[in-house]
Amino acid sequence: MRKSFAAAVLAGALIFSLPAAAAEYAFDKKGMHASITWRIKHLGYSWMTGRFDNFDGSLSFDDAKPDAANVKVEIDVNSLSSNHAERDKHLRSPDYLDTAAHPKATFESTSVKSAGGGKAKITGNFTFRGITKEITIDAEKVGSGPDPWGGERAGFTGTTQLTLADFQMKKQLGPASAIVYITLDLEGVKK
């Protein structure tokens with residue numbers, strides 16, 4: 001009896017001493033509670049804005065260990081929309097995105113540095129137009145908890161900027177449009 005009790009106590013202690021695994025989340029594509037938007041200056045006079053309608057990804061996150069987070073995003077570059085069909089066709093051409101040759105863009109995190117208050121700098125490899133560069137996303141946890149359907153969710157927002165010359169764009173929309181600003185608003189459903 002004592003051996004059984006001791007074994008049970010030891011097993012319980014081992015279970016509770018194991019590190020908690022980070023929660024795995026899939027982007028909420030079904031409800032589209034996620035978006036990837038962009039903006040770029042047009043001729044230096046105003047902002048042209050748009051979005052990518054098709055993307056997917058996942059994230060791994062543990063509140064107790066935010067620096068161990070992991071993020072993966074894949075964007076269907078053909079899904080670009082600036083709310084102007086002719087301009088979108090031109091932006092997909094070899095002059096700009098060259099979607100026929102490079103239909104996907106990807107991001108995979110390599111490190112996360114917590115800045116406190118739910119904020120972090122996420123560094124990773126971004127591949128766009130066949131070129132991979134290291135970029136940093138300024139991220140913030142928006143919130144997490146149960147949803148009305150019996151699941152759990154976590155939401156994050158992040159911003160970054162890309163210098164178009166780094167990805168060998170052949171043209172720009174004027175000298176003031178050398179940088180595109182990206183915003184990721186991602187809500188994940190716990191797997």
Side-chain angles (χ1 to χ4, degrees), residues 21-29 31-41 47-82 91 96-97 99 102-145 152-169 172-173 176-191:
E24 299 290 327
Y25 296 88
F27 295 167
D28 182 11
K29 291 187 58 182
M32 277 316 273
H33 295 111
S35 65
I36 299 176
T37 57
W38 51 268
R39 69 181 187 147
I40 190 167
K41 284 190 177 177
W47 289 102
M48 180 172 58
T49 62
R51 66 187 183 276
F52 292 101
D53 291 329
N54 296 322
F55 58 91
D56 205 354
S58 62
L59 60 98
S60 173
F61 183 78
D62 178 356
D63 277 316
K65 298 179 182 175
D67 288 359
N70 189 316
V71 181
K72 293 181 183 178
V73 180
E74 182 177 282
I75 301 169
D76 175 358
V77 183
N78 278 302
S79 73
L80 168 126
S81 175
S82 68
L91 289 174
Y96 296 102
L97 302 179
T99 61
H102 308 289
K104 302 285 182 195
T106 60
F107 174 80
E108 188 165 349
S109 63
T110 55
S111 73
V112 176
K113 301 290 183 203
S114 179
K119 296 182 179 181
K121 297 224 179 253
I122 302 172
T123 300
N125 294 318
F126 180 66
T127 301
F128 177 57
R129 289 178 49 94
I131 299 166
T132 301
K133 297 281 185 184
E134 185 177 84
I135 66 168
T136 298
I137 298 172
D138 292 315
E140 182 175 1
K141 183 177 180 188
V142 177
S144 63
E152 290 186 43
R153 294 173 182 257
F156 300 85
T157 188
T159 58
T160 192
Q161 59 188 48
L162 306 174
T163 301
L164 298 182
D166 288 347
F167 298 95
Q168 299 178 0
M169 290 281 192
Q172 291 182 5
L173 301 172
S177 61
I179 296 173
V180 62
Y181 300 87
I182 310 285
T183 299
L184 303 96
D185 289 302
L186 304 173
E187 184 174 303
V189 179
K190 191 174 181 180
K191 295 180 184 180

Checklist entry - Who passes side chain to side chain contact (heavy atoms under 4.5 Å, CB included) against D53, sequence neighbours left out? => result R51, S79, S81
Item to check | Electrostatic pair D138-K119, nearest N-O below 4.0 angstrom | outcome: no
Item to check | Note: K72-D56 ion pair, threshold 4.0 Å (strictly below) | outcome: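 The answer is no: the pair does not qualify as a salt bridge.
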With rounding to the nearest 0.5 angstrom, report the [atom1] to [atom2] distance, [X] to [Y].
| X | Y | atom1 | atom2 | result |
| --- | --- | --- | --- | --- |
| K141 | F61 | NZ | CZ | 4.5 Å |
| T106 | I75 | OG1 | CD1 | 8.5 Å |
| E134 | D166 | CD | CG | 12.0 Å |
| D185 | T157 | CG | OG1 | 3.5 Å |
| F55 | L184 | CZ | CG | 8.0 Å |
| L80 | N54 | CG | CG | 11.0 Å |

Looking at side-chain heavy atoms only, is the closest gap between [X] and [Y] below 4.5 Å?
| X | Y | answer |
| --- | --- | --- |
| V77 | P103 | no |
| K121 | V112 | no |
| Y181 | T159 | no |

Checklist entry - Between R129 and M169, does a side-chain contact (heavy atoms from CB on, under 4.5 Å) hold up when you go through it step by step? => result CA-CA 9 Å; R129 289 178 49 94; M169 290 281 192; 4.0 Å; yes
[X] versus [Y], closest heavy-atom pair with distance:
| X | Y | result |
| --- | --- | --- |
| F128 | A105 | CD1-CB, 4.0 Å |
| E187 | A34 | N-CB, 4.1 Å |
| D63 | P66 | O-CD, 3.4 Å |
| I137 | G158 | CG2-CA, 3.8 Å |

Check the surroundings of atom [atom1] in [X]: do more than 12 heavy atoms from other residues, nucleotides or ligands lie under 6.0 Å from it?
| X | atom1 | result |
| --- | --- | --- |
| K190 | NZ | no |
| K191 | NZ | yes |
| K104 | NZ | yes |

Next on the checklist: Please evaluate residues V73 and F27 with respect to the criterion side-chain contact (heavy atoms from CB on, under 4.5 Å), reporting the C-alpha separation (whole Å), side-chain torsions for both, the decisive distance (0.1 Å), and the verdict.
Outcome noted: CA-CA 9 Å; V73 180; F27 295 167; 4.0 Å; yes
Item to check | Check against side-chain contact (heavy atoms from CB on, under 4.5 Å), V189 and Y25 | outcome: CA-CA 5 Å; V189 179; Y25 296 88; 5.8 Å; no
Item to check | Full working for side chain to side chain donor-acceptor pair (under 3.5 Å) between N78 and T99 | outcome: CA-CA 6 Å; N78 278 302; T99 61; 2.8 Å; yes
Checklist entry - Angle class for the F167/F126 ring planes (parallel below 30°, perpendicular above 60°, tilted otherwise)? => result perpendicular
Item to check | Stepwise salt bridge (Lys or Arg N to Asp or Glu O under 4.0 Å) check, R153 with D28 | outcome: CA-CA 9 Å; R153 294 173 182 257; D28 182 11; 2.7 Å; yes
Test item: [X] side-chain N/O and [Y] main-chain N/O as donor-acceptor pair under 3.5 Å:
| X | Y | value |
| --- | --- | --- |
| D67 | S114 | yes |
| T160 | T136 | yes |
| R39 | I182 | no |
| T110 | T123 | yes |
| T127 | T132 | no |

Item to check | side-chain contact (heavy atoms from CB on, under 4.5 Å) assessment of W38 paired with I40 | outcome: CA-CA 7 Å; W38 51 268; I40 190 167; 4.0 Å; yes
